[in-house]
There are 4 protein chains.
Amino acid sequence: MTGAAHTARPESTRRHHGNRYGRSEQARRAVLEAADDLLVEKGFAGVTIEGIAARAGVAKQTVYRWWKSKTDILVEAFLQDLTEDLTPPDHGDLDRDLRTHLRWLAFFLGRTDAGAVFRALIAQAQHDPAFAADFRARCLDRQRAVDRLPLERAVRRGELPADLDVAAETERLVGPVYYRILVTGEPVDEDFIDGLVDAFLGGLR
Amino acid sequence: MTGAAHTARPESTRRHHGNRYGRSEQARRAVLEAADDLLVEKGFAGVTIEGIAARAGVAKQTVYRWWKSKTDILVEAFLQDLTEDLTPPDHGDLDRDLRTHLRWLAFFLGRTDAGAVFRALIAQAQHDPAFAADFRARCLDRQRAVDRLPLERAVRRGELPADLDVAAETERLVGPVYYRILVTGEPVDEDFIDGLVDAFLGGLR
Amino acid sequence: MTGAAHTARPESTRRHHGNRYGRSEQARRAVLEAADDLLVEKGFAGVTIEGIAARAGVAKQTVYRWWKSKTDILVEAFLQDLTEDLTPPDHGDLDRDLRTHLRWLAFFLGRTDAGAVFRALIAQAQHDPAFAADFRARCLDRQRAVDRLPLERAVRRGELPADLDVAAETERLVGPVYYRILVTGEPVDEDFIDGLVDAFLGGLR
Amino acid sequence: MTGAAHTARPESTRRHHGNRYGRSEQARRAVLEAADDLLVEKGFAGVTIEGIAARAGVAKQTVYRWWKSKTDILVEAFLQDLTEDLTPPDHGDLDRDLRTHLRWLAFFLGRTDAGAVFRALIAQAQHDPAFAADFRARCLDRQRAVDRLPLERAVRRGELPADLDVAAETERLVGPVYYRILVTGEPVDEDFIDGLVDAFLGGLR
DNA sequence: GGGTAAACGAGACGGTACGTCAAGTCTTAGG
DNA sequence: CCTAAGACTTGACGTACCGTCTCGTTTACCC
């Protein structure tokens, strides 16, 4: 409702230099973007706090003030990238929903920049249990809820039995996708996904 | 003229200081063991070349002469740990073989020191494509062959159709196990494995 | 709506928060005292603007508003400590006046907190010519005038010839004292001062 | 006499990169020179370990390996500068020796680069008692011994009584010089020194 | 008695230098 | 030739202060 106070000032030329009642949104965005860019350009080892600060045009202390570690930055950058709605489309048809979602998941994990960040963070979670817990709470749980949506909708529509263990069935569907992405490195192609879905749907009869 | 100086030293306390005709097996073993120990004790970040060299009582240069990186050491250490035969037992029964093998896999990945090394290396593979290729060739392919054994035997026995895509089916079985271990962190318990096997066997009918 | 909240507050706990027509004496004193305390407690390196502000319960900006540097604060703190009259007592006797004054000088420079500040400032003057000039004008000249007093009085009394170069003679008397304090670090004891005075008085005959 | 070992190698192009049996003399000299230069160019505040390392073309770690602090470097640099013999000339005449030595002392302290380092170190000694002790042991005591030489020679020659307290008399001669240099900043000119010597020689009669 | 502008607290900002750690390279002495 | 030892350059780490810059509050004077 307020916010009019600064209306007259040309937003583009103003630079934040700190004030008591809030941090610099400008600095925050620059850091997240820098971290994202560095990961994509140079890989995880190329992401350093110094590098982020330098590329963001921000003081190192500013980074340390707001983030605990470089992975903390990457988590926030990842979440930032995901602000757009990634709810899988509802075609009203389990078969189509499943194939669409798994295709999207494979594409997201394997081909997008955000997916690269995601993989790097899963990797880091192997090394650091504390980070793993944080990462799961902030990112993974949401992703898993999304992964369950196709089956949940089908249950709601009556396409699947009401007592179906949706979580477990979802794990059997996405597990192999993650396995290829994280472990074997083989491409997750159309055939693979079709095989998954066919086996799942076939097993229900 | 000086050679006699060390004559009196008991054999057990003598240390290898280089010889003209080959590398020191003593140094090699000490390095691998030190790397293993450090990983278990302090986690991946606690494994450093300096730390390994210091704990192994070996010069840094000796480490660099024989290994490209700390992950290279860990791969060799991992393989060393796996010299014993890990061929899954053949009960002559698909159902039992599958459950036994998946239980063992879950235990190995989640509860053993070697599994911890394995997870650390999979993590590293996310960050470094070159290492990923090397790691897959030296460790993963072998593991995947082992994973396929239960189904291959069943096919050979005629329990499963000869045209079954063993590789794909195996991925659907082990994928969810890796997913829990690497991604969600949930325990891979009896029920989960039973669910996997039941769904697989049920889907074949 | 809130204005009444502070009405009840006892005067002693009320804090100045600025006013249009003058600075806060409270803040000024707190800063000087904090600077003094920090120097004595932690030494010169332990005196930082941030530390002073924090200990004084004052904003950093308030410090920068009124003082150019930490040495500027220390100079003012030093002068504050010296408000009391340090005019050497006049016994009407050159011998007694000299010994008393030199003893006091040695004690002041070597044993008092103010002397510690003084030494720190002399030290700083070695590193910074601009500060040196300022320090001499604000502190040293006054001290030198005081140092000359015993001889000046003796000249006025006729104990010493009217054409005596009081300034030069004073330098020969206090110089060795400063030398011990600043350079050799040896204690300036009774014997040393007696030696100085004896030599001076003996040389006049 | 030795040194032949390296004869064949072009000395100028060889760079030391470390070996087990000794540090790099090249690095040592570069550091000392850099510290000296920085002090003269930018003053004490401009002397930083990072700056020294950068200008010397040496790694920061190398500096920290061999020196405790920047003052430690300056002490060594100062001693290096003083390798040449600074024994005051012996004219066989107390009057001449004294005037010559005090003139040289004033010049050295006030006009030479080494003197600037010396003053900076005396300043630092005010701030840090531990350094003060070290500095006195490594630099000052030697200087004080030199300062005593003119009187000691005169005693040996019989020009001065054998029971003269040479140390105390020397302090009375050099003290005022240091006082002007360190405290008042007034120039130490011919007249001032003549006054000192005259008073000293006059007081002996 | 209410408005108003200087001084205040708080603290975020871009920086510089600190002192530490590990990486990876190079050199030497000795078995 | 291989080893242990260790000095070297490089570069990131995380911390402490620097001096600057808002921001919103407090308060004494002046209308």
Side-chain angles (χ1 to χ4, degrees), chain A residues 5 14-24 26-27 45 47-51 53-54 56-66 68-70, chain B residues 2-3 5-6 14-24 26-27 45 47-51 53 56-66 68-70, chain C residues 2-3 6 14-24 26-27 48-51 53-54 57-66 68-70, chain D residues 14-24 26-27 48-51 53 57-66 68-70:
Chain A
R14 277 193 59 227
R15 292 199 58 202
H16 185 105
H17 279 282
N19 79 58
R20 179 178 182 182
Y21 299 93
R23 61 192 281 195
S24 164
Q26 191 182 33
V47 181
T48 65
I49 302 254
E50 297 229 315
V58 143
K60 236 185 347 170
Q61 187 58 48
T62 298
V63 178
Y64 282 108
R65 203 189 329 273
W66 301 110
K68 295 191 301 289
S69 61
K70 70 175 183 177
Chain B
T2 56
H6 301 300
R14 276 193 56 228
R15 305 195 48 206
H16 182 105
H17 274 72
N19 77 60
R20 194 171 289 193
Y21 306 98
R23 71 188 275 196
S24 163
Q26 190 183 34
V47 181
T48 64
I49 303 257
E50 299 228 311
V58 142
K60 242 184 349 169
Q61 187 55 42
T62 300
V63 178
Y64 281 109
R65 202 191 320 279
W66 301 109
K68 293 192 303 288
S69 62
K70 71 176 183 176
Chain C
T2 56
H6 301 301
R14 278 193 54 232
R15 307 194 49 201
H16 182 102
H17 275 76
N19 79 59
R20 182 178 179 181
Y21 299 93
R23 66 190 279 195
S24 164
Q26 190 183 34
T48 65
I49 303 257
E50 297 228 314
V58 142
K60 233 175 11 161
Q61 186 56 44
T62 299
V63 178
Y64 281 108
R65 203 190 327 274
W66 302 110
K68 294 193 303 288
S69 62
K70 71 174 184 177
Chain D
R14 274 195 62 228
R15 293 198 58 201
H16 184 104
H17 280 282
N19 77 56
R20 180 179 182 181
Y21 300 91
R23 63 191 279 195
S24 165
Q26 189 183 34
T48 65
I49 303 254
E50 298 229 315
V58 144
K60 229 176 13 159
Q61 187 58 49
T62 298
V63 178
Y64 282 108
R65 202 191 328 274
W66 301 110
K68 293 190 304 288
S69 61
K70 69 175 184 177

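Chain letters run A, B, ... following the sequence lines, proteins first and then strands; every chain starts at 1. Because the structure is predicted, anything quoted here is derived from the model rather than measured.
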Can you tell which of [options] lies closest to the side chain of [X]?
{"X": "D:Ile49", "options": "E:dC18, E:dC13, F:dC13", "result": "E:dC18"}
{"X": "C:Thr48", "options": "E:dA17, F:dC17, E:dA23", "result": "F:dC17"}
{"X": "A:Arg23", "options": "E:dC18, F:dC13, E:dC13", "result": "E:dC13"}

Could you tell me whether the phosphate oxygens of [N], OP1 or OP2, come under 4.0 Å of any side-chain nitrogen or oxygen in [X]?
{"X": "B:Arg65", "N": "F:dC2", "answer": "no"}
{"X": "C:Thr62", "N": "E:dG9", "answer": "yes"}
{"X": "A:Trp66", "N": "E:dC13", "answer": "yes"}

Which heavy-atom pair separates B:Ala53 from B:Ala59 by the least distance, and what is that distance?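 In this case the closest contact between B:Ala53 and B:Ala59 is CB-C, 4.3 Å.
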
Separation of atom [atom1] in [X] from atom [atom2] in [N], rounded to whole Å:
{"X": "D:Lys68", "N": "E:dT20", "atom1": "NZ", "atom2": "C1'", "result": "18 Å"}
{"X": "B:Glu50", "N": "E:dT20", "atom1": "CD", "atom2": "C1'", "result": "12 Å"}
{"X": "D:Gln26", "N": "F:dT9", "atom1": "CD", "atom2": "C1'", "result": "13 Å"}

Relative to the 5' end of DNA chain E, which residue comes earlier, B:Tyr64 or D:Lys60, by the nucleotide with the nearest heavy atom? D:Lys60

DNA chain E: 5'-proximal contact among A:Ala27 and D:Ser69 (nearest heavy atom):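 That would be A:Ala27.
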
Want to settle it: does A:Gly51 or C:Gln61 sit nearer the 5' end of DNA chain F, counting the closest nucleotide to each?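 In this pair, the answer is A:Gly51.
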
Please step through side chain to side chain contact (heavy atoms under 4.5 Å, CB included) for the pair C:Lys60 and C:Ile49, ending with a clear verdict. CA-CA 7 Å; C:Lys60 233 175 11 161; C:Ile49 303 257; 4.1 Å; yes

